[in-house]
Amino acid sequence: MPYGISYAGAESDYGSADAFILGIPYDRTSSFRAGAREAPFHIRRASYNFEETLFEHGADLPRMNVFDQGNCEDSFLPEDMMDEVEFFMSRAVKDGKFTVAMGGEHSVNIPIIRCFGKDVALITIDAHLDSRDEYLGTEYSHACVTRRAAEHLGLDNVFSLGVRSISREELQRDDIVQHITSFEIKDKGIVWAVKTALETIRSERVYLSLDIDGIDPAFAPGTGTPEPFGLDPADVKKAINIIGERLVGFDVTEVCPPADPSGITSVLAARFINEALAVRAKSLL
Ligand code: MN
Ligand code: MN
């Protein structure tokens, strides 16, 4: 791949790959602190921290063929970023690959979802509902992710988990994006929350978008807009496993390396990518 190291274990060529990884170094709509454009490099580097086998999934787990495309071009305008992402992702989706994207900020999810057609549900894990019509002059801001997805997939096919920051403007809408707060998850448990989401959405196929700020900043401090009272990382691991066979694509966004001097947030992001790949590999059994 052209831009430095590739993701650990991503040794396949495109044609024989079951899974397709793309880095999207985009952070131009970030509202509080930028730096997410550096995340793909740091997450790839962190991926070398782990064993190739996740023993809790079983030693006979099929080894997935993974292809790392590298990063798409950095862009300034969100429209240019969207064209770039669509160029790579539409082909990977059409070719039946399991797609994994590393942001960049959360807005990178907007073009990815559009590559999946309409029969897929989006579940996000996020501190924020991200359902504004527009923010700071663009409708493609990272504050508009679920609103854009709802326009494409239908309001009944978008569900946010772990939310704890919602603006009045978003809260007072009739067409509010379906969500379960982190406070409810702490009371009733992640199993209840994910099952509720899976029973509520319309489509069988699920795309999971993990905005790393959904996790508590004590575990994932390196992010642009940290928000207290977040999810436990082990609960997010569990969520990926409950979605299980229904998972068709995954992204992790909003890791901000300049705010992550210890690198632990990139380590966590890489570990979630490995979890998603393992869960996908199980459905190949
Ligand atoms: Mn977000
Ligand atoms: Mn967020």
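Just follow the structure's listing: the first ligand is 1, and inside any ligand the first atom is 1. This is a predicted model, so every value here is computed, not measured.
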Might you work through the side-chain hydrogen bond (donor to acceptor under 3.5 Å, both in side chains) test for T265 and D260, ending with a clear yes or no? CA-CA 6 Å; T265 311; D260 190 35; 2.8 Å; yes
Examine [X] and say whether one of its N/O/S atoms is closer to the Mn ion (ligand 1) than 2.8 Å.
X    : answer
H106 : yes
D211 : yes
D130 : yes

Is it true that, when you exclude F87 itself, more than 12 heavy atoms of the residues, nucleotides or ligands shown sit nearer than 6.0 Å to its CZ? no
By the definition side-chain hydrogen bond (donor to acceptor under 3.5 Å, both in side chains), identify the one residue from D126, T146, D251 that meets it with S209. D251
For ND1 in H128 and OD1 in D213, the angle at the Mn ion (ligand 2) (nearest 10°) is 100°
Going by atom types alone, do R44 and N71 pair a side-chain donor with an acceptor below 3.5 Å? yes
What is the name of the N/O/S atom of D126 that is nearest to the Mn ion (ligand 1)? OD2
State plainly whether the residues R173 and E169 are in salt-bridge range, i.e. N to O under 4.0 Å. no
